[in-house]
Amino acid sequence: TTVETTEILIIGAGPAGSVAAAMLRQQGRQVLMLERQQFPRFSIGESLLPQSMEYIEAAGLLQDVVQAGFQYKNGAAFVRGEATTEFDFRDKFSPGWGTTYQVQRADFDNVLARGAERMGTTLRFGDEVLSVQPGRPARVQVRRPDGSEYTIEAGFILDASGFARLLPRLLKLESPSNFPVRGAIFCHVRDHIPADAGFDRNKILITTHPEHVDVWYWTIPFSNGCCSLGVVAEPSFFEKYPGSDEDKLRAIVGEDPNLTRLLANAEWAVLPVRTITGYSANVSSLWGEGYALLGNAGEFLDPVFSSGVTIAFKSAQLASQCIAREYAGEAVDWEREFSIPLRAGVKTFRRFVEAWYAGGFQKIIYHPDAQPDVRRMISSILAGYAWDTHNPYVADDSGRRLRVLEELCSA
Ligand code: FAD
């Protein structure tokens, strides 16, 4: 059988894969991207952060995204019972984009993948990577939709296979996440929220359950009159509700007075109700001989701050910069130049996610007389600027500064 060769093989055409492909094409690399599904296809992860725009722009895909007509987003609103607060991401500590979009991922991922293809990526849908023998070159076994198989020799592999976590599973790199197992039930609704209902369609709405501080809902408006609606909790919480997933979702939404009011006229399940559980995951290493893990194929924390796609893009940018240096003949230390810088921002998000579920972060955001410059620093993190070490809450490696702020706001 003939063996196909490529400089770079990308496994998966989600946001991580497509942005990496586009960046590598800008360097003139030969890029083959294999995607086992047919696009457009549903995916979860619909609210972007302004930081992500920098990577979309750097990849040469900004015009594609802007012209797709997604819902403009400028911030986040939080509600817990009677308490409400909102962050406008344009009012933030770090320089850079203050606005972004909320996207139906079926369309968004297709826009990015087609953009990468236009820039010269060879893109195949329906082709599934079955096995990988790492090395330089690596050998990869692929199955076409008709069941036939072929072999690829790749100079470098980027695993962007998302929750499928192909290389972590094949190479036994998986390591446990330190978050408890949580799950989500979600769907799209045609929301019919009246214009005067006090609902800002330019912001994601994060609602804390009126009684359970670690249970929360997302409401993510789209530009087509629909919202993504979901609830996150530990599996034991969902088990208490009888019936189908839709019954559970409706019952839990019904427990929050504000969401009940907003969604009084909603048409439910415009897209089917779906669930996902145990999504938090980690790996012992984000790279090895001839490969690196991007996006969810590496580490995934938690959805509460909508950081997933931003982290996926950041990983794509760091990896493509490392590959550029390798092709320029330089020695690259992937731990120092890829893994450590990527994990630095992930660690910032982790501190905030932990503080969210412990309840301390909520004390901070609902505090009535927050200092404006501290709020701007928090706004920056919520906008995705988790790698900007000028921000004291990013540089706060031990988490001490965040704990002190929590204490101040608890007093
Ligand atoms: P994916 O988007 O999952 O893409 C991986 C692709 O690889 C898929 O298309 C798959 O078909 C393909 N693939 C897999 N295996 C193979 C194979 N063997 N061969 C070929 N192709 C393969 N993030 C946000 O930024 N904002 C949010 O609001 C947000 N909300 C979330 C809510 C929940 C409940 C969860 C669980 C996550 C959320 N996320 C959010 C995170 C977000 O979903 C992910 O971080 C993001 O999709 C990661 O992108 P990716 O490119 O790494 O992987």
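Side chains are part of it too, since the values below use all heavy atoms of this structure and drop only hydrogens, waters and symmetry mates. Start at 1 with the first residue, then count along the sequence. Counting convention: from 1, in listed order, for ligands and their atoms alike.
Among protein heavy atoms, atom 25 (O) of ligand 1 sits closest to Val309 N, 2.8 Å. Closest to atom 39 (N) of ligand 1 among all protein heavy atoms lies Gly45 CA, 3.6 Å. Of the protein's non-hydrogen atoms, Arg36 CG, 3.7 Å is the one closest to atom 22 (C) of ligand 1. Nearest protein neighbour of atom 10 (C) of ligand 1, counting heavy atoms only, is Glu35 OE2, 3.5 Å.
Taking the six-membered ring where the residue is Trp, the centroids of Phe300 and Phe163 are separated by under 6.0 Å.
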| request: I would like to know whether Arg351 and Glu354 meet salt bridge (Lys or Arg N to Asp or Glu O under 4.0 Å); could you show each step before the answer? | output: CA-CA 5 Å; Arg351 282 198 297 278; Glu354 284 167 354; over 6 Å; no

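In this structure, Leu48 has no heavy atom closer than 4.0 Å to ligand 1. Note on ligand 1: Gln102 sits outside its first shell, no heavy atom being nearer than 4.0 Å. Using a 4.0 Å cutoff on heavy atoms, Val232 does not count as a contact of ligand 1.
Atoms of ligand 1 lying under 4.0 Å from at least one heavy atom of Gly308, given by number and element, are 23 (N), 24 (C), 25 (O), 41 (C), 45 (O). Residue Leu34 has at least one heavy-atom neighbour below 4.0 Å for each of these atoms of ligand 1: 20 (C), 21 (N). Atom numbering of ligand 1 starts at 1 in the shown order; those under 4.0 Å from a heavy atom of Asn296 are 44 (C), 45 (O), 48 (C), 52 (O). Which parts of ligand 1 touch Gly295 is read off a 4.0 Å heavy-atom cut-off, strictly below it: atoms 52 (O). Below 4.0 Å from some heavy atom of Ala164 lie the following atoms of ligand 1, by number and element: 14 (C), 15 (N). The ligand atoms of ligand 1 that sit less than 4.0 angstrom from a heavy atom of Ile11 are 17 (C), 19 (N), 20 (C). The contact set between ligand 1 and Gly12, taken as ligand atoms under 4.0 Å from a residue heavy atom, comprises 6 (C), 7 (O), 12 (C), 21 (N). Interface atoms of ligand 1 facing Ser47, defined by a heavy-atom separation under 4.0 Å, are 24 (C), 25 (O), 26 (N), 27 (C), 28 (O).
Only side-chain heavy atoms of Trp218 come within less than 4.0 Å of ligand 1; its backbone N, CA, C and O stay farther off. With a heavy-atom cut-off of 4.0 Å, Glu46 touches ligand 1 through its backbone alone. The part of Ala184 lying near ligand 1 is the side chain, judged by heavy-atom distances below 4.0 Å.
Aromatic ring orientation, Phe361 versus Phe305: perpendicular (interplanar angle above 60°, classes split at 30° and 60°).
Cation-pi contact between Arg29 and Phe156: absent, since separation from the ring centre below 6.0 Å together with deviation from the ring axis within 45° is not met.
Tyr55 places no side-chain N or O within donor-acceptor distance of the main-chain N or O of Ala312, the cut-off being under 3.5 Å.
By the 4.0 Å N-to-carboxylate-O rule, Arg201 lies close enough to Asp191 to be salt-bridged with it.
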